[in-house]
*Asks:* 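Input: one structure, supplied below.
Side chains are part of it too, since the values below use all heavy atoms of this structure and drop only hydrogens, waters and symmetry mates.
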Amino acid sequence: MLVRFRRRHILETIRKYHKGDSNEQSSLKHQYDLVCIGGGSGGLAAAKRAHLELQSRDIQPKIAIVDYREHPNIVNTSPDRPEINWRWGLGGTCTNVGCIPKKIMHTAALYGEYVQNASEFGWKVPSTVEHDWESLVENVQNHIRSIHFGYRSDMMLNKIEHINARAKFLDKHTIEVTDAKGNVKTITSRRFIIAVGCMPKYPDIEGAKEYAITSDELFALIKPPNKTLVVGASYIALESAGYLSGLNQKVTVMMRSIPLRGFDQDCAQKIVEFMKERGTTFKQGCVPTKIRKNKNSFVVEYVDDKNSVHVEEYDTVLFAVGRKCVADELGLQQLGVKFDNDKIDVNEFEQTSVPHIYAVGDCINRGLELTPTAIHAGSLLSRRIYSEELVTKNHKHIMDYTNVPTTVFTPLEYGSCGMSEEDTIKKYGQDNIEVYLIGFTPLEHEFTHKDTNKTYMKVICVGSEEKIIGFHYLGPNAGEITQGVAVAIRLGVTKHDLDSTVGIHPTVAEEMTRLNITRRSGLVAEKRGC
Amino acid sequence: MGAVIKPPKAVMTGPVDTHLPETGHGFDYDLIVIGGGSGGLACSKAAAELGAKVAILDFVKPSPQGTRWGLGGTCVNVGCIPKKLMHTAGIVGERLAESYHFGWNVVEEDAMNELSAKKEKFSWERLVENVQNYIHGLNFKYKVDLRSNKVEYLNALGEFLDAHTIQATDIKGNKKKMTARRFVLATGGRPVFPQEVENAEQLAISSDDLFSLDREPGKTLCVGASYVSLECAGFLTAIGNDVTVMIRSIPLRGFDEQSATMIVSHMSDHGTKILQPWAPSKLTKVGEKIQVDYYNVNTKETASDTFDTVFFAVGRYPDVKGLGLENLELKLSPSGKIQVDEFERTSVPHIYAIGDIVAGGIELTPVAIQCGKLLATRLYNSSTKKMDYINVPTTVFTPLEYGAVGLSEEAAVSKYGKDNLNIYSKSFNILEYQLPHREDQGFVKLICVKSENEKVVGFHYLGPNAGEVTQGVAIAVKLSATKQDFDDTVGIHPVCAEVFTTLRLGQTEDSGC
């Protein structure tokens, strides 16, 4: 009786959310209950959650993750680029060529700063320090491999099958998988979750694919990049340029128009200014047109905003001009799965136009291209499909893509949640928003006489109750500071709530409790005294 | 903080005394503030800004070892600021030792593992000089700040002659009488040397002396289990001193016990010796060193050892000596602190008190500042808003940093009952520690009340940047965040703080990304 009652509830959940996906949970007709295509953050989270939910209902789940990535253009095909030591393992972009290695590289650059400031704190250190790129890369790659190992054992422990092969749909329930050696087999599954993510784009110019690299290769370069041209104004471009500079490389950033499009431009400009002061060169309004090889370096031809052509030589050219979805190789179109440009079109339940095929992460048209978003969405999706508890709880368990906090690991770190100042003005009008802002110097920086008034906090409020709709912070530990604020923003925090919270002394974050200078006032938003 | 401290009981009604006129009262000043620390400075500046004629008196009585300092009170001179800088020196040392793994060629791998190797690479004198220079800069800034806010500053000790008159005595013994319509007492606290420990006051130092100590502390005994003791022991070890902490009963009383235990075991793993449950009985000078006789509190077993430095951090007493409070009918608590109501009024209607000298208050700089500002706006801007002592967040700068807001697990259990709580906790890996193969983990705990829709009543965090992580959470906790609100918040990757968005019952260990 209880079983039947529960079952009915589950069926209602499925009906309520996932229209068209049949009620049947597990079918003997198929080899698997669920196959996730793509073993990155989203796919892994969805698979693990599905496993957990089914197991808690005493169902032994049959779940597989199909994950495969071969290098886009260089690794196996280009014998003249042996310096790239590229491997791919379970974990997707984040683990292999994204968040993890980039934060370690950023941390390495910060360590360089700590070492340089160490003498102010009493440590006896030599006045010049050198950086060994090779040993950093080796340590980064070893760490990535240890994560691969962790995921693999996690999969084994959970009896989630890991199939290291490329997938292609034959029909709505069948995929063909091809491994690196060319072995082919056919797999059928009750449901699919597509989570194949994105790959860096190359611009369509001569020499780009042959001679340049992207973030896919950067963390595995076995020689220091030396004089580097970073092309692009994305956060990946600025982060890469930032830590490469911090690791003593000579870096130029070439951007077509504005930095960090979509982010708060006031903050984006401050990041660029900070990087300039730290020695990164910026060529704004410039676009590369051609790359050719000259002995061991690369000659880049580019045009500036006046259409004049320039030529400069670099040791490394890194493109960070955007990413493209890699779902088009899966054969989804022939099943009737709709695409929105190159991304998979899903509804708010992450369901594609084929009801039992779902998609999460960077490859969907609603996504935000952030690891935790993919994890959150994947995990919620599997809960909706497989949990028996949902309908009893008054909670929709639908991924909310608004107010998702994020951080950018530029040398001046950036953390934000909510809207940019431009967007709030556009949405509410200048007269209806109040912007509180302050530039200040953290204790440790004041002590070491560096980065005076570079740390910056901005809170954007709307309406007479001063509800906070945007939080922006530039300075140390940006992500750590922003995370808690993101919880408060979900709760509809007002400026008054910030003011009545007691600060934690001495921290940087305590500034959020005593913001009192508005943009409207025209006062200098810089802090004097403690 | 730690346990909830209730707001002091009201001893009178109404936010502000009104028995005297605000203008034309015939006194020299509208307001005299006694004590130039965080609370006093904030209150005097805010009052002056609102048009009051204000004077502030600040005078540092030398410590038993003769240490003195300038304007700004405990926080700036002998508290938060120097301790965080010295803590940072310790953290910088860790990073220096690990920089090898990030490719920097400054220190060889494992070359700073031993205390002696750290000590060799460290100059205490240089740190103290830089810290003191920084503090002197702040002292100066505060003076300028008072001047530009039109607050009259006197470097003198204030003593009440009657309820409206004080006598200010400067360091040369010059005396001056001053009268005021109102007074705010904000003299703060000073470290205790226990009388029962022979020669403690004569031979030991306290946090009043440590940050300006003209010689390296060397082999150090830190007596006490307060956060001051653990913080100082932590950074002294991190810069290469041989440090022992002597704890009579439990560490960090009032804080979450599980978190406190983890802090102490982390310190122990990193070379600080912990003696528990032991207490000192006698200090004796032996040449340049100090012999300490001590005993086991339970077994009464005795032992002795010699140290270069003995540091006491067993508590603080309210610094009200010499204020002439005996000339007023001012009620004190049994511990000698000043009794105030929820509007910071003492039992004498026109005399107020804020900060660490207040009975039942919370001894934290931002609390004193907020109290001072709120008091000034009640006095001179018709506000009725009072200080809210609930959910005050705090941090402890032990080597494994601690941040907390709300109730400890113990306090939550006694308030709500164990069965009514869901406690979500997790140890997590820290990305930055992975390359140097450091085994330390972070820890987070959310204490939720089942019957109130899993409202979060306690947040505890151990790991890097604990204060930074906790500040935003404190706002959410003040807004009555529930577990679901934490779950619904998307994490920021890869940072430590994202851990509290994915907590599940029964999952107490990190299972990868």
*Asks:* Please state whether the side chain, the backbone, both or neither of Leu431(B) comes within less than 4.5 Å of a heavy atom of chain A.
*Replies:*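 Only the side chain of Leu431(B) comes within 4.5 Å of chain A.
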
*Asks:* Let me know if Glu138(A) has heavy atoms under 4.5 Å from chain B in its side chain, its backbone, both or neither.
*Replies:* neither

*Asks:* Within the side chain of Glu468(B), is there an N or O that forms a donor-acceptor pair under 3.5 Å with the backbone of Ala509(A)?
*Replies:*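 Confirmed, Glu468(B) side chain pairs with Ala509(A) backbone.
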
*Asks:* So which atom in Gln370(B) and which in Ser500(A) form the shortest heavy-atom distance, rounded to 0.1 Å?
*Replies:* NE2-O, 3.8 Å

*Asks:* Check each atom of Thr470(B) against the heavy atoms of chain A and say whether the ones under 4.5 Å are side chain, backbone, both or neither.
*Replies:*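 Both backbone and side chain of Thr470(B) come within 4.5 Å of chain A.
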
*Asks:* Between the main-chain N or O of Trp123(A) and the side-chain N or O of Lys121(B), is there a donor-acceptor pair closer than 3.5 Å?
*Replies:*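 The answer is no, because no donor-acceptor pair under 3.5 Å joins these two groups.
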
*Asks:* Could you pull out the closest heavy-atom pair between Ala476(B) and Gly484(A), with the gap in Å?
*Replies:*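 Between these two residues, the closest heavy atoms are CB-O, 4.4 Å.
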
*Asks:* Might you work through the side-chain contact (heavy atoms from CB on, under 4.5 Å) test for Leu96(B) and Val125(A), ending with a clear yes or no?
*Replies:* CA-CA 9 Å; Leu96(B) 196 59; Val125(A) 288; 3.5 Å; yes

*Asks:* Side chain from CB out, backbone as N, CA, C, O: work out which of these in Leu374(B) comes under 4.5 Å of a heavy atom of chain A, or both, or neither.
*Replies:*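 Contact with chain A: none, neither part.
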
*Asks:* Calculate, to the nearest 0.5 Å, the distance between atoms OH and CD belonging to Tyr461(B) and Glu480(A) respectively.
*Replies:*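 Tyr461(B) atom OH to Glu480(A) atom CD measures 5.0 Å (nearest 0.5 Å).
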
*Asks:* With chain B, which of Gly492(A), Ser379(A), Ala377(A), Gly112(A) has the greatest number of heavy-atom pairs at distances under 4.5 Å?
*Replies:* Gly112(A)

*Asks:* Tell me which of these, Gly150(A), Ala478(A), Gly503(A), has more heavy-atom pairs under 4.5 Å with chain B than the rest.
*Replies:*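 Among the listed options, the one with the most contacts to chain B is Gly503(A).
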
*Asks:* Would you say Tyr100(B) has more than 12 foreign heavy atoms packed within less than 6.0 Å of its OH?
*Replies:*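 Open.
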
*Asks:* Under 4.5 Å, counting heavy-atom pairs only, tell me which of Val473(B), Val107(B), Val92(B) racks up the most with chain A.
*Replies:* Val92(B)

*Asks:* Pick one of side chain, backbone, both or neither for Thr371(A), based on which atoms fall under 4.5 Å of a heavy atom in chain B.
*Replies:*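 Side chain only.
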
*Asks:* Measure Thr395(B) against the heavy atoms of chain A and call it side chain, backbone, both or neither at under 4.5 Å.
*Replies:* both

*Asks:* Is the number of heavy atoms from other residues, nucleotides or ligands within 6.0 Å of CD (Glu125(B)) greater than 12?
*Replies:*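 Check passes, neighbour count above 12.
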
*Asks:* With a cut-off of 6.0 Å (strictly less than), are more than 12 heavy atoms of other residues, nucleotides or ligands near NZ of Lys373(B)?
*Replies:*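 At most 12 heavy atoms, drawn from other residues, nucleotides or ligands, come within 6.0 Å of this atom.
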
*Asks:* Do the non-hydrogen side-chain atoms of Asp132(A) and Asn105(B) ever get within less than 4.5 Å of each other?
*Replies:* no

*Asks:* Determine whether a donor-acceptor pair (N or O, by modelled atom type, separation under 3.5 Å) exists between the side chain of Asn139(A) and the backbone of Leu435(B).
*Replies:* no

*Asks:* Please identify, among Val485(A), Leu491(A), Val129(A), the residue contributing the most non-hydrogen atom pairs under 4.5 Å to chain B.
*Replies:* Leu491(A)

*Asks:* So which part of Ser41(A) gets closer than 4.5 Å to some heavy atom of chain B, the side chain, the backbone, both or neither?
*Replies:* neither

*Asks:* Hey, what do you get for CG (Asp400(A)) to CG (Asp488(B)), rounding to the nearest 0.5 Å?
*Replies:* 8.0 Å

*Asks:* In plain terms, say whether Lys141(B) and Glu446(A) are close enough for a salt bridge, that is, a side-chain N and a carboxylate O under 4.0 Å apart.
*Replies:* yes

*Asks:* With a 6.0 Å cut-off (strictly less than), is the heavy-atom count around NZ of Lys495(A), excluding the residue itself, greater than 12?
*Replies:*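 Yes.
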
*Asks:* At a heavy-atom separation under 4.5 Å, does Phe471(A) approach chain B through its side chain, its backbone, both, or neither?
*Replies:*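 When you check distances to chain B, no heavy atom of Phe471(A) falls under 4.5 Å.
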
*Asks:* Would you mind telling me which of Cys75(B), Gly137(B), Gly90(B), Gly93(B) has the largest number of heavy-atom pairs within less than 4.5 Å of chain A?
*Replies:* Gly93(B)

*Asks:* Does His376(A) use its side chain to pair, donor to acceptor, with the backbone of Asp487(B) at less than 3.5 Å?
*Replies:* yes

*Asks:* Taking Gly91(A), Gly98(A), Ser119(A) one by one, which has the highest count of heavy-atom pairs under 4.5 Å against chain B?
*Replies:* Ser119(A)

*Asks:* Show, in sequence, the C-alpha distance, side-chain angles and deciding distance for Val490(B) and Tyr401(A), and conclude whether the side-chain contact (heavy atoms from CB on, under 4.5 Å) test is met.
*Replies:* CA-CA 9 Å; Val490(B) 179; Tyr401(A) 291 97; over 6 Å; no

*Asks:* Quick check against the 3.5 Å criterion: does Glu498(B) have a side-chain atom that pairs as donor or acceptor with the backbone of Gln483(A)?
*Replies:* no

*Asks:* Supply the atom-to-atom distance Ile475(B) CD1 to Thr513(A) OG1, rounded to the nearest 0.5 angstrom.
*Replies:*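 Here the rounded value is 8.0 Å.
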
*Asks:* Between Leu44(A), Asn248(A), Leu157(A), which has the largest tally of heavy atom pairs under 4.5 Å with chain B?
*Replies:* Asn248(A)

*Asks:* Measuring from Thr507(A):OG1 to Lys84(B):NZ, what's the distance to the nearest 0.5 Å?
*Replies:*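 These two atoms lie 6.5 Å from each other.
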
*Asks:* With a 4.5 angstrom heavy-atom cut-off, is it the side chain or the backbone of Leu52(A) that approaches chain B, or both, or neither?
*Replies:*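 For Leu52(A), the contact with chain B is made by the side chain alone.
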
*Asks:* Taking all non-hydrogen atoms of both residues, which atom of Ala488(A) and which atom of Gly472(B) are closest, and how far apart?
*Replies:* CB-O, 4.5 Å

*Asks:* For Asn477(A), is it the side chain, the backbone, both, or neither that has a heavy atom closer than 4.5 Å to a heavy atom of chain B?
*Replies:*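 Only the side chain of Asn477(A) comes within 4.5 Å of chain B.
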
*Asks:* Measuring heavy-atom distances to chain B, does Met399(A) have an atom under 4.5 Å in its side chain, in its backbone, in both, or in neither?
*Replies:* side chain

*Asks:* Check Pro494(B) against Phe409(A) and note the closest heavy-atom contact, atom names and distance.
*Replies:* CD-CE1, 3.6 Å

*Asks:* Between Lys83(B) and chain A, with a heavy-atom cut-off of 4.5 Å, which part of the residue counts as in contact: side chain, backbone, both or neither?
*Replies:*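 Nothing of Lys83(B), per the 4.5 Å heavy-atom cut-off to chain A.
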
*Asks:* Taking atom OG1 of Thr489(B) and atom CG of Asn403(A), what is their separation to the nearest 0.5 Å?
*Replies:* 9.5 Å

*Asks:* What part of His131(A) is in contact with chain B, defined as an atom under 4.5 angstrom from a non-hydrogen atom: side chain, backbone, both or neither?
*Replies:*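 Both parts, backbone and side chain.
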
*Asks:* Measure the spacing between SG of Cys80(B) and CD1 of Ile504(A) and express it to the nearest 0.5 Å.
*Replies:* 12.0 Å

*Asks:* Say whether, by atom type as modelled, one donor and one acceptor occur between the side chain of Trp124(B) and the main chain of Gly122(A) under 3.5 angstrom.
*Replies:* no

*Asks:* Taking everything shown except Lys143(B) itself, do over 12 heavy atoms lie less than 6.0 Å from its NZ?
*Replies:*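 Atom NZ in Lys143(B) is not crowded, with 12 or fewer foreign heavy atoms closer than 6.0 Å.
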
*Asks:* What part of Phe459(B) gets within 4.5 angstrom of chain A, counting heavy atoms only: side chain, backbone, both, or neither?
*Replies:* neither

*Asks:* Please determine if Glu120(B) and Lys124(A) form a salt bridge, counting it only when a charged side-chain N lies under 4.0 Å from a carboxylate O.
*Replies:* no

*Asks:* Which of the residues Ser480(B), Ala481(B), Cys496(B) is involved in the greatest number of heavy-atom pairs with chain A at under 4.5 angstrom?
*Replies:*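 Option with the top pair count is Cys496(B).
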
*Asks:* Using a cut-off of under 4.5 Å for heavy-atom pairs, which of Pro476(A), Cys417(A), Pro405(A) has the most such pairs with chain B?
*Replies:* Pro405(A)

*Asks:* Answer with side chain, backbone, both or neither: which region of Asn158(A) has an atom nearer than 4.5 Å to a non-hydrogen atom of chain B?
*Replies:* neither

*Asks:* Which bit of Ser146(A) comes within less than 4.5 Å of chain B, counting heavy atoms only: side chain, backbone, both or neither?
*Replies:*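 Ser146(A) has no heavy atom closer than 4.5 Å to chain B.
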
*Asks:* Between Trp104(B) and Leu136(A), is the side-chain contact (heavy atoms from CB on, under 4.5 Å) condition met? List the steps.
*Replies:* CA-CA 9 Å; Trp104(B) 298 100; Leu136(A) 174 62; over 6 Å; no

*Asks:* Are Ile100(A) and His493(B) close enough, and set up right, to give a side-chain contact (heavy atoms from CB on, under 4.5 Å), and what steps lead you there?
*Replies:* CA-CA 9 Å; Ile100(A) 299 296; His493(B) 193 60; 4.0 Å; yes

*Asks:* Using only atom types and a distance under 3.5 Å, with no angle test, would you say the side chain of Gln471(B) pairs donor to acceptor with the backbone of Ile481(A)?
*Replies:* no

*Asks:* Among Val477(B), Ile91(B), Val131(B), who wins on heavy-atom pairs under 4.5 Å with chain A?
*Replies:*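 Ranked by contacts with chain A, first place is Val131(B).
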
